[in-house]
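One structure is given here, and the rest of the page talks about it.
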There are 2 protein chains.
Amino acid sequence: MTNPEKSAGVKDIAQALKISLGTVDRALHDRPGVSPKTRDLVLKTAQQLGYSPNLAAQALKLNRRLSVAAVLPKHISHFFDPLREGIRYAAGAAVGVNLSLEFFEYPRLGSGDIEAFRRATQKQFDGVIFLPGDARKYEPLVKKAAQDGIATMCVGSDAPNTERIGSVSAHASVSGAIAAELLSQNLTSKAEVAIFTGELSTLDHVEKLRGFAAALAVIAPHLTLRPALESHERPREAYRQALEVMKEKARPSGIYISTANSMPVLKALDELSLLGKVKVVTTDLFRELVPLIESGMVLATLYQRPFTQGKVALENLLLHLLRDRKPQPILQLAPHVIFRTNLCLFETRVGTSQDEDIEAELQTQ
Amino acid sequence: MTNPEKSAGVKDIAQALKISLGTVDRALHDRPGVSPKTRDLVLKTAQQLGYSPNLAAQALKLNRRLSVAAVLPKHISHFFDPLREGIRYAAGAAVGVNLSLEFFEYPRLGSGDIEAFRRATQKQFDGVIFLPGDARKYEPLVKKAAQDGIATMCVGSDAPNTERIGSVSAHASVSGAIAAELLSQNLTSKAEVAIFTGELSTLDHVEKLRGFAAALAVIAPHLTLRPALESHERPREAYRQALEVMKEKARPSGIYISTANSMPVLKALDELSLLGKVKVVTTDLFRELVPLIESGMVLATLYQRPFTQGKVALENLLLHLLRDRKPQPILQLAPHVIFRTNLCLFETRVGTSQDEDIEAELQTQ
DNA sequence: TGACCCTCCGGGCACGTTACCGTTAGGCTC
DNA sequence: GAGCCTAACGGTAACGTGCCCGGAGGGTCA
């Protein structure tokens with residue numbers, strides 16, 4: 001009877017104490033209608049018998065329905081498409097819950113994002129996944145959502161000091177630090193390095209810059225960092241800045257592009273015939289980048305694992321909504337360092353996300 | 001009624017066709033007792049209504065019990081302990097199945113492994129997870145297990161051309177290739193490099209050697225590879241070999257240690273005061289390695305993600321046992337490249353596995 | 001003393017699926 | 001044509017849990 005091997009259920013406790021199932025259920029779930037002494041007795045016996053609820057039966061009975069919205073930009077698709085795929089994957093793998101997903105899209109970060117978030121939170125979703133671009137602007141909105149009982153989960157970047165239930169992103173400052181270390185390994189003599197960043201109102205980008213600068217100072221004193229170049233995610237701006245800085249006589253010997261929008265900078269380098277001469281570390285992976293890494297024109301890229309970010313974000317949001325177990329407030333994934341030699345393991349995911357093999361996705365998550 | 005939003009169940013199909021639940025169930029599961037035309041009708045309607053079975057109800061009714069054995073060595077604990085943790089984690093996360101896990105241990109690879117595997121397969125487990133050291137020797141045993149209806153899953157290395165249902169490991173040849181690329185980046189002038197390997201009867205180690213040699217030939221023609229040093233996982237042998245080769249006048253400038261047993265070689269380097277002078281790339285992560293990476297004595301280590309390997313191995317084994325869905329025959333994880341700058345993300349797992357925070361484990365999986 | 005309330009507890013139904021058993025129609029043999 | 005067999009199908013209990021309803025017991029007040 002008291003077999004520790006097999007986990008006991010409600011019925012076992014009821015039989016052991018010769019009381020009804022209803023009483024055991026009330027005691028275990030802290031519902032009213034049980035005397036304190038009976039309650040303690042049940043809890044003690046549950047502990048003793050090693051009670052663990054049958055999750056399948058629980059899920060069947062509860063038949064929970066959850067609605068989750070994901071508010072993400074269309075641009076940059078090579079990052080956000082796999083992120084959405086990760087969310088869909090986690091939704092498909094969620095067992096014991098009737099989950100309805102709705103995707104809200106807006107053109108790009110900073111244009112329409114706030115409005116889309118507001119639209120999403122006006123409908124009564126149980127949870128919302130979103131990317132806080134300018135974290136400040138989201139503060140009142142997240143607060144309001146929390147008051148309305150909507151759980152918000154950040155992905156891609158964080159919005160600290162808000163009521164969000166958690167955040168999932170690649171570890172930004174470590175990304176920056178790795179870039180610094182790679183450049184320091186490949187630039188042995190005294191030289192200058194430059195960083196091209198996206199939007200410094202986004203926490204993620206600030207952290208990358210911080211990590212890069214800090215690591216340079218510690219492990220690469222022979223490299224000096226130029227003032228950061230902020231493109232505000234505008235391709236033409238990035239292109240112009242790159243041309244300007246690389247035409248200088250004392251041009252940088254190493255470059256870290258911390259935004260996924262790296263093509264304009266690479267295009268400028270190509271036109272100046274500097275590809276391969278200047279050491280370049282980029283961020284994320286997309287089709288146009290593949291041949292540049294293969295040929296060694298780009299030293300390495302720091303892969304932010306968008307698929308996993310989406311997957312983990314929804315998994316933790318569901319964990320929060322289903323049980324009252326709080327997830328880690330801040331979850332920061334280890335970025336993958338992609339060189340030409342391990343590029344082949346990640347290439348499967350640069351195609352159209354439609355045709356991608358999910359199994360392959362999971363190998364590198 | 002035919003609401004495409006909400007997934008239909010067995011009852012919906014039965015109602016739509018005005019037949020009984022039993023018939024629908026038989027038709028959907030290809031069980032006998034249904035006429036072909038009724039079966040086709042049911043399948044067609046299921047497709048049309050968007051039938052998806054309620055997994056919770058299914059699991060509750062079936063109440064499946066599975067027993068799985070994991071046959072793994074005690075040594076090297078910093079690799080196999082987290083691997084076992086990963087298996088335990090996946091077992092805990094498995095919902096809707098009464099899973100009983102049993103661990104079989106033996107001292108080390110090559111001593112007692114075959115016997116332990118034989119002992120495990122004599123009991124009637126549903127599945128066995130194991131590490132094929134000398135793959136040849138396992139061939140008849142795996143065949144016998146398959147005949148007895150035991151599903152076998154390789155982890156850490158593969159046993160090709162056997163009846164195993166799949167294998168999970170870090171991508172070995174890519175690991176070797178990354179090591180070659182790292183050394184080539186850090187050794188710019190003409191030099192020699194050496195590889196210390198474990199057991200060349202293990203496929204995983206052969207693949208690392210192949211990947212290393214091939215990548216050297218392609219991207220680092222200035223580096224020449226010495227004959228591989230095989231320690232057979234004996235610390236004293238590795239130490240002796242390292243001392244011998246590093247005392248030579250024309251000693252190697254770069255070293256790749258492809259086995260997790262790297263301390264004897266590092267000890268020899270330390271005694272010869274060569275740490276920091278010789279570029280070293282190691283495999284896996286453990287406590288003694290941390291300060292060496294932090295201080296730059298070791299350039300990088302290739303982390304084989306044992307936790308994830310164990311997790312994925314059991315997940316796929318269960319997938320095979322529960323549904324008849326065949327997993328990918330060979331699953332090769334992308335190894336993590338750990339430098340001093342991203343070391344902090346992995347440090348949580350070098351302590352005793354008991355105290356480890358599972359959440360932290362999952363961040364870097 | 002009877003009507004009423006409150007606390008505590010037992011009993012039973014429902015969730016969606018599967019396994020088992022009972023029933024019927026139709027074909028077969030002698 | 002009676003008896004029998006089998007394929008095809010209907011009906012239903014049961015899996016373990018959550019939740020509601022109602023009943024028993026004790027106390028209070030008119």
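Naming: A, B, ... by sequence-line order, numbering from 1 per chain.
One interatomic measurement links the two molecules: CZ of A:R64 to P of D:dC19, which rounds to 9 Å at whole-angstrom precision. Rounded to an integer number of Å, the gap from CG of A:L28 to P of D:dG16 is 16 Å. As rounded to whole Å, 10 Å separates atom C1' of D:dT12 from atom CG of B:L21. Distance, A:D12 CG to D:dT17 C1': 13 Å, rounded to whole Å. Rounded to whole Å, atom P of C:dG10 lies 10 Å from atom CG of A:L17. Following rounding to the nearest Å, A:D25 (CG) and C:dG12 (C1') show an atom-to-atom distance of 13 Å. C:dT24 atom C1' lies 17 Å from atom CD1 of B:I19, rounded to whole Å. Put simply, CZ on A:R39 is 16 Å from C1' on C:dC9, counting in whole angstrom units.
Candidate nucleotides D:dT17, C:dC9, C:dT17 were compared by shortest atom distance to the side chain of A:S20, and C:dC9 ranks first. Here the nucleotide nearest the side chain of A:N63, chosen from C:dC15, D:dC19, C:dC9, is C:dC15. The listed nucleotides are C:dC20, D:dC15, C:dT17; the one nearest the side chain of B:Q58 is C:dT17. Of the candidates C:dC21, C:dC8, C:dT18, C:dT18 carries the atom nearest the B:K61 side chain, counting heavy atoms from C-beta on. In the set C:dT18, C:dC9, D:dC19, C:dC9 carries the atom at the smallest distance from any side-chain atom of A:T23. The side chain of A:P36 lies closest to C:dC8 when the candidates are D:dT17, C:dC8, C:dT18. The side chain of B:L60 lies closest to C:dG16 when the candidates are C:dG16, D:dG18, C:dC9. With D:dG11, C:dT18, C:dC9 as the candidates, the nucleotide lying closest to the side chain of A:R26 is C:dC9.
A:D25 and A:H29 share a side-chain donor-acceptor pair at under 3.5 Å.
Note on B:N54: only backbone sugar-phosphate atoms sit closer than 4.0 angstrom, heavy atoms only; bases stay farther off. At a threshold of 4.0 angstrom between heavy atoms, the contacts of A:P32 with the nucleic acid are absent.
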Acceptor/donor pairs from residues 148-159 of chain A side chains to any protein atom, 3.5 angstrom cut, sequence neighbours excluded:
from	atom 1	to	atom 2	distance (Å)
A:D148	OD2	A:K144	NZ	3.0
A:S157	OG	A:D204	N	3.2
A:D158	OD1	A:R164	NE	2.5
A:D158	OD1	A:S167	OG	3.4
A:D158	OD2	A:R164	NH2	3.1

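From A:L333, atom CG reaches atom CG of A:L331 across 6.0 Å, with rounding to the nearest 0.5 Å.
Residue B:R31 places at least one side-chain N or O closer than 4.0 Å to OP1 or OP2 of C:dA19. Close to C:dC9, at under 4.0 Å from its OP1 or OP2, lies a side-chain N or O of A:T38.
Between A:Y138 and A:F117, the ring planes are perpendicular. Angles over 60° get that label, and only those under 30° would be called parallel. Between A:Y89 and A:F307, the ring planes are tilted. Angles from 30° to 60° get that label.
Taking for each of B:G33 and A:G22 the nucleotide of DNA chain D with the nearest heavy atom, the 5'-most of the two is the partner of B:G33. Along DNA chain D, the nucleotide closest to A:A57 and the one closest to B:S35 are compared, and the more 5′ of them pairs with B:S35.
Side-chain contact check for B:L322 versus B:L66: some heavy-atom pair is nearer than 4.5 Å.
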